[in-house]
Every structure is written in structure tokens, then in C-alpha cells.
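Each residue takes its place number in the sequence, starting with 1. Computation of the quantities below employed the complete heavy-atom set of this structure, encompassing side-chain atoms and omitting hydrogens, waters and symmetry-equivalent molecules.
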Amino acid sequence: MASDPSSGHTNFYRFVRRWLANPLGHHQHHHLRRSTSTGISSSTYPRIIPRCPSSSSSAQDRDRLRDKTMILDVEGGILMSSSTFPYFMLVAMEAGGFLRSFIMLCVHLVLWCLAPLLPEEVKLKVMVMVCFFGLKEKKVARVARAALPKHFLKGVGMEGLEAVRGVKSVVGVSRVIPRVMVKPFLEDYLGVDVVVGREVKMVRGFYVGLLENMSDGRLELADLEGEEMIGFGSSSGYSGHDHHHLFSWCKKEKRKWSPLPRDQYPKPLFFHDGRLAFRPTFQATLAMLTWLPFSLPLTIFRTLIFVSLPYPVSVAIGSVFGVRTRVINSPVGQAKADHPRNPKGHLYVCNHRTLLDPVYIAAMLNKKVSAVTYSVSRLSEWISPIPTIRLTRDRDEDRRRMEEALRRGDLVVCPEGTTCREPYLLRFSPLSLELVDEVYLVALVNWSDMFYGNSTGRSKCLDSFYYFMNPRPAYDVEFMEKVPTRMVVDGKTCESKHVANMVQGEIGRVLGFECTKFTRENKYLALAGNRGVVDANQ
């Protein structure tokens, strides 16, 4: 019997809700009662099979699952840890700031002390209230899209993902984490067809922190008629119902799960945002907030020594105060010997990790160099210890400005045009390579154990400060062989874009990074919803 689409949505949603509350023993009663109310016969209504797929399943078992629909318990069926505190803390920190994260840490401690006296539902509602109250919908959505997927992927179990990959379609049911937090990750990275979860109430674009009921499904009930559905999960975490018998089947199996390696991610993690570089468990968050009062004066001191002192002195003092710098193939002597024979200054081309890339290159060369910038803030330009040349995105004007800078001295260019945190290189722009006959390649790697020193948000002007807020920030600067930019192959001069690809490949080879065709625009559209033009007056 054909059904109206909106009726199918509602029926499927009600089915999932009732199944979650009555997974086994009570299912047949609702099954028969609903056959008259929905017009669907009991013989064709979806049948739930409790099952715990594992990596040891036979090929025949995996083949039988390929035409099944799985109802996936997100917290118990895909995430290794039963603790959801890190994900709430990420939203509190990234969307609300340090004060909210401190309040949430204190509230969580109180709830932990009162755990025997409070129901799980009460503790969850309190955490949601502290996490969401007063936050803008756009801020939370941006954190869910740009910051949370990286941390969810770190928490995915390899065996759980294999189970999800082996079925025709998946209905993700989030019983604890609000739907707004988990939906982008499930849809974009796991390919989940339907995400069912609890919503947080909003008023005029602001969250008030109250949990609502489960959200509506997005599949037609007619599409599932006559199918067997597999329930996959674990009751090791909060369930909201004391009789989630179906989700307890995988509890023992889950203890043997292993973390998901990067090369097995269902979708490569090219871009992510947010300041936190660690998983914010209770202990790690407590350590961060304890470190914070000490990091502020230390950050100011580190910044001042790099801005005001000669490079050899600033690097030496910086190492005493936790800033580690390592140079490979130092070219100091060679650069001084070659420079008088060059009509222009040297052009140094490097991959882009943070705004401090040109500063570290200048420090390792022990001389002043200029650097081109792409839409950085006035504050970043003002505190820079080296001259900066602001590009306009007009090819002819940008070419003229870089040529003028090369006539005055050495120039550092990051052809990617934006930073990339992961082991990937974005597409290299060929413009700078057209200005000289040879370029000096520099491969950069940096480490941040607490805060990322780059972002796409409005606090971008504070990128260098966040980098120096890390307890032990580190940079590796590796100088490579110079490369000619005027190459002839089969009697034809290579185009500049092919030279740019070759330069990208050489740096990627040294670093072990994968080369991509992504651009600055791709990154900002994915993370910030804009094309990457930052207000220069920030």
C-alpha cells in the first residue's frame, strides 16, 4: 500500500522510538497493535535481530548482512569509550570559552560525587544545560562540523566500523550525545543514512539548554517493509532506559576493540578546526585549566623575546623556556656565500603550518627575510619580527609586490596559501615560482600538545599566542636542495603549474605528507563557510 511521504517519516520515527524502549520482549505487542494503525501488515513490518558483528565473522555471515538495515547505538556501537564528557567539553570550550569549560569541569566533579544519588537522566540534563545554555546555534553547528569529527574519529573502534561497513543502510541512534553534535560526523564520515537523537531546545537562534525528545527519522517506512533490521550496540554507557537488552549483546566483544588507524578512516580527515589539540578528558581538562594561569605570562615573555632579540639569542632563550627548535641541513654559511652572486634575493618556498613559519626560517638563516601574507590580521602584522607583504589576490599586483620584495632581499612564500594541520599538502600556487630561476625548498613540521596555533575563526589574530601557550611547542625546519624553475623536458619548457606540482611533491616526499589538489578556498568553505578572506582590521 502506498503511503504519504510525511506519514512514512512519522511512522518510521515512531517505530524506532518504540523499538528502543521495547527491543525484545515487548516488541510483538506493539508490532500487532501498530499493524492496524499504520495500515502495514505484521508480515511485512521490519523485524529486529539482535546481533553483534565482529571482525571474526565468517565471509558467509558478512554476505548475509549486506542487504540488512542496522540500527546503530552510536555511544555503544561505534565509540570505544563509554564516556561522553570529552565531546561535551569540546563544545563548551570551542563554542563557549575557558570560563564555560571551567564551570563544566566543576559541575561534572559535583555530579560524579553525587552519582549514587542522581539518576543518569538528571546528570545528562545538567551537563547539557551547562554546555549549551546561551550558545548561538551557528557556533555549535560550526564546532560540530569543523572540530568534533576529528575527535569522534579518534574514538571510533575498528571493529565497530567494520560492522557498519557491512550492511546496506544504517540508522544511527544517539541516546546521550545531542543530535546537533553527532549528526555531521555520522553523515559525512560514516555515511549513516538516518540520525535519530535528542535535540536541545532553542529560542531565536540561542540554545536554552533543555533536552527535547528524539528527532524525526528521514527514511520512508515503505522502504523498510519486509526487511530484517540488526541492532548493534552496547549498554555499557548511559541508555536512558533500564531495559536496553538488545544493546547489551556487544558489551564483552567491545572490550577487545582497537583504535581506528588513520589510513582506515572511512573518509580522509583533510581539514579540522578548533583550538584543543588533545582529547579533553576530565584529567586532561583539569591539567589544561591548571596550566592556563602560568601560560599567559609565559606566552607574553616568549613572544617578546622572539620579536625583540637577535635570532641566536631568542632561539637559545626560547629553548630554556620550553620552545624547542631543530634545524636540519642549516644553510647559514652557504646562503651568505651565494647571495652576492645573485641579482635578486633568495626565494624560500615552504609548506604552511602556522603564521610563524617565515619567522622560524629567518631565525634558522640568522638574517632578516620578508614574507607574503594572505588576509592576516593587522595585529599579526604588527607583532611580526620580519617585514610582511600583503597580497591582494590580483595576479599582476601580487607579482609586482613579490618582485619588489625580491629586489630588496630574501623572500619566504607559502604557496599553499593557508595552513594544514594534517599530513597533507594543499595545492601549490605557481605564481612565485615564475619570478626566479631557482628556489630554495624548506620542509616544516610543528607539534602542539595542548593548543593549535592556527584557526579559521575570528580569533585567528591570536594564532601565534595560542602556539606559544603550549607547554612545549616544537618546530623542525629542514632546508632542502635548491630546485631550478626553468626546466626543459623533450625540448619544451615546463609550465609553471607543473613546476609547482614538482616542488609540492619534493616537500611532500621529505615530510611523508600526501599531496592534494585542495586550495585555501576549499578549506575555508568546509570549516568556516566562507572563502577565507579575513578582516584585516582584526
**Asked** Could you walk me through whether Phe271 and Phe518 pass the ring-ring contact (aromatic ring centres under 6.0 Å, His included) check?
**Response** CA-CA 10 Å; Phe271 307 121; Phe518 291 115; 5.6 Å; yes

Counting only heavy atoms not in [X], do more than 12 sit closer than 6.0 Å to its [atom1] atom?
| X | atom1 | answer |
| --- | --- | --- |
| Lys139 | NZ | no |
| Phe102 | CZ | no |
| Trp112 | CH2 | no |
| Lys136 | NZ | no |
| Phe513 | CZ | yes |

**Message:** I'd like to know whether Val107 forms a side chain to side chain contact (heavy atoms under 4.5 Å, CB included) with Met129, so could you lay out the CA-CA distance, the side-chain angles of the two residues, the decisive distance to 0.1 Å, and finally the verdict.
**Reply:** CA-CA 11 Å; Val107 171; Met129 174 65 72; over 6 Å; no

**Item:** Aromatic ring pairing Tyr360/Tyr475, orientation class (parallel under 30°, perpendicular over 60°, tilted between)
**Value:**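 It falls in the parallel class, under 30°.
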
**Asked** Which is it for Ser174 and Glu75 under the side-chain hydrogen bond (donor to acceptor under 3.5 Å, both in side chains) test, yes or no, and what are the steps along the way?
**Response** CA-CA 7 Å; Ser174 178; Glu75 292 84 3; 2.9 Å; yes

Closer than 4.0 angstrom, basic N to acidic O: yes or no for [X] and [Y]?
| X | Y | value |
| --- | --- | --- |
| Arg142 | Asp273 | yes |
| Asp188 | Lys183 | no |
| Lys150 | Glu94 | no |
| Arg175 | Asp73 | yes |

**Request:** Evaluate the ring-ring contact (aromatic ring centres under 6.0 Å, His included) criterion for residues Tyr87 and Phe152: first the C-alpha distance (whole Å), next the side-chain angles of each, then the deciding distance (0.1 Å), finally the verdict.
**Result:** CA-CA 8 Å; Tyr87 308 113; Phe152 277 128; 4.4 Å; yes

**Message:** Please tell me whether Arg275 and Ser455 have a donor and an acceptor in their side chains that are separated by less than 3.5 angstrom.
**Reply:**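 The answer is yes; a qualifying pair exists.
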
